[in-house]
Amino acid sequence: MPKPPRIEDLKLTPYWWESAPPAVTAPADIPGTADVGIVGAGFAGMTAALTLARAGRRVVVFDAMRAGEGASSRNGGICSGNIKFSFSALMDKFGLDRTKAIFAEGIAARTALIKLIEDENIDCGFKMVGRFDGANHARDYDAMAHETDLLNKHLDFGAYMVPRNQQRAELGTDFYQGGRVRPDIGGVHPAELHRGIYERALSAGVAVIDETAVTGIDRTPDGFTLSTARGSVEVGECIVATNGYTDQVTDWLRRRIIPIPSQIIATDTLDPGLMDRLMPKRRMVGDTRNLYNYYRPSPDGTRIVFGGRRGADTDDDMRKCLHLYTNLLEIFPELEGVRLTHSWWGYTGYTFDFVPHLAVHDGIHYATGFCGSGVVWAPWLGCKAAHMILGNGEEAQSLFAQTPFPTRPFYNGKPWFLPTVIRWYALKDRFVYGRKH
Ligand SMILES: Cc1cc2nc3c(=O)[nH]c(=O)nc-3n(C[C@H](O)[C@H](O)[C@H](O)COP(=O)(O)OP(=O)(O)OC[C@H]3O[C@@H](n4cnc5c(N)ncnc54)[C@H](O)[C@@H]3O)c2cc1C
């Protein structure tokens, strides 16, 4: 049995909130009318709002919690713009041209996020540090090498493989069988990024109504009525950007989004020498297991922020925190007994076809289903939804607007199947990778 972590002052709120807690800015009165009403004040809702307000539209954004308190200020801050399929799996499904186009949209989305941060001068610790993906099995290393060849050949990613005997130059562990570096992926402080977008939207005249759930969206001859417990507002257009926090107010979306919880722990500041040994290049990191871990250094490079499965077997926050600690020790045994300062979780929003969607249904615009990669996709598709409303044909284009948005019979937004799926993946991980936890 390893030594337990030190958790004497553990906070169950995101480490990110230490420097950028969600703010409450509800004005006293809800405006009676607006050109556009947005439900959800995360990355997607706030970038849509900023784009629309800068184009002269009167915008009101509602959030059931504080603005950003959903996944947008709780995530790992890894800016990948990945989708869940590999290049070769997509090629089998759609052929080469469409696969290249989908990956190219990921590059465009990532580039747009960096441009937004630069143009708006958002102080959010963004660094293009690259990402190391550890192969948990020799077979995974070979598959990754094949994938890397495809990415470099078709999209010039500049990715490269790192064999196991050189791995310690990337990561202070022998846990992986080598891995791959993607230099095109960076990291950000997610809550500071959200705060930056939010403040610019406020300055552009957006009305953000926090802690006020939209309880009804009803069609009117001129648009929609958005109802809340504090009053209603008549809007011409409506965007729903509720992702993993989608509730019954949009039944159509609820039947299409699978809320999957994800959990993160943060260590205390570590000795600089230890950090240099464990994460010498301060990269973002992932792995190849079904129930994978994702982790990174804090933006100041002093502590490790470590994420993974929250699990469905218990509601006990402490047990979930200890489960992630066990995963952390598998990779970095040196951290046995480390002090953990924060442990928190949030909902990601998955879709049945594992890709994001930009959809219009019954006149409502939806930007959603980012499948755990919304730091890049949510601002991108939020912005696209705004361009759709503005009638900016070219800028509204997205491949994710062109695919049907599937649901499954009898699915009503409650993923009853999730515990079984997680148990199945855990079993596969145990069988293939010998994982015990
Ligand atoms: C623990 C964790 C780690 C993650 N790590 C990464 C990562 O490293 N990289 C990455 O790319 N992505 C990551 N993600 C995913 C990413 O955070 C999300 O995809 C992204 O933030 C989604 O943004 P959003 O604006 O669509 O939704 P959210 O930020 O989740 O906002 C949705 C909002 O809608 C509001 N809402 C819901 N219903 C209503 C209603 N009826 N009325 C009013 N408001 C309502 C909610 O209160 C919520 O604030 C992670 C997610 C989690 C939870």
Side-chain angles (χ1 to χ4, degrees), residues 38-40 42-45 47-48 71 80-109 112 217 219 224 237-260 347-374 376-418 421:
I38 299 179
V39 189
F43 289 141
T47 41
S80 70
N82 280 350
I83 56 162
K84 291 292 158 208
F85 293 102
S86 66
F87 195 91
S88 36
L90 264 196
M91 223 161 50
D92 290 345
K93 228 172 141 135
F94 295 127
L96 179 61
D97 287 348
R98 195 166 169 83
T99 300
K100 273 169 72 173
I102 291 172
F103 273 72
E105 185 159 339
I107 298 172
I217 305 176
R219 274 312 274 261
F224 302 89
E237 301 278 1
C238 176
I239 296 176
V240 171
T242 49
N243 205 44
Y245 291 81
T246 298
D247 61 13
Q248 58 282 358
V249 75
T250 48
D251 229 20
W252 183 81
L253 181 61
R254 206 164 173 236
R255 295 198 54 234
R256 285 161 175 78
I257 290 288
I258 310 158
I260 300 189
Y347 281 116
T348 59
Y350 274 68
T351 55
F352 284 103
D353 56 2
F354 294 99
V355 293
H357 285 272
L358 179 61
V360 184
H361 179 77
D362 280 348
I364 300 174
H365 292 72
Y366 296 90
T368 192
F370 306 116
C371 300
S373 294
V376 166
W377 287 120
W380 175 252
L381 290 186
C383 198
K384 295 270 171 200
H387 284 301
M388 277 174 121
I389 287 174
L390 293 169
N392 297 338
E394 184 75 10
E395 283 141 301
Q397 291 297 319
S398 167
L399 289 167
F400 300 107
Q402 297 166 16
T403 44
F405 196 165
T407 178
R408 292 288 180 272
F410 310 117
Y411 180 61
N412 65 357
K414 291 211 174 79
W416 47 267
F417 45 81
L418 212 53
V421 172

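Everything quoted here is computed from the prediction, not taken from an experiment.
Screening residues 237-251 for side-chain hydrogen bond (donor to acceptor under 3.5 Å, both in side chains), with sequence neighbours left out, gives T242-T246, N243-T368. Identified under the side-chain hydrogen bond (donor to acceptor under 3.5 Å, both in side chains) test for residues 376-386, with sequence neighbours left out: E105-W380.
Contact annotation: the side chain of P415 never approaches that of I260 to less than 4.5 Å [non-hydrogen atoms, C-beta and beyond]. Counting only heavy atoms from C-beta outward, the side chains of F224 and I364 approach each other to under 4.5 Å. Side-chain contact between V39 and I239 is absent, with no heavy atoms from C-beta onward closer than 4.5 Å.
Shown here for Y347 and P259, the closest heavy-atom pair between the two residues is CD2-CB, 3.8 Å.
Every residue meeting the side chain to side chain donor-acceptor pair (under 3.5 Å) condition with N82, not counting sequence neighbours, appears here in chain and number order: R182. Under the rule for a side chain to side chain contact (heavy atoms under 4.5 Å, CB included), the partners of A241 that lie at least two apart in sequence or sit in another chain are A44. Every side chain to side chain contact (heavy atoms under 4.5 Å, CB included) that T99 has, sequence neighbours left out, goes to F87, L90, M91, F94, F103. F352 pairs by the ring-ring contact (aromatic ring centres under 6.0 Å, His included) definition with Y411, not counting sequence neighbours. For the side chain to side chain contact (heavy atoms under 4.5 Å, CB included) test, residues two or more places apart in sequence or in another chain that qualify with K93 are F85. Qualifying side chain to side chain donor-acceptor pair (under 3.5 Å) partners for H357, counting only residues two or more places apart in sequence or in other chains: D353.
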What donor-acceptor contacts under 3.5 angstrom involve side-chain atoms of residues 402-409, with partners at least two apart or in another chain?
unit_1, atom_1, unit_2, atom_2, d
T407, OG1, R255, O, 2.4

Give the table of side-chain donor-acceptor pairs shorter than 3.5 Å for residues 389-396, with sequence neighbours excluded, one pair per line with atom names and distance.
unit_1, atom_1, unit_2, atom_2, d
N392, ND2, H387, ND1, 3.0

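Within the 3.5 Å criterion, the main-chain N or O of G369 finds no donor-acceptor partner in the side chain of R256.
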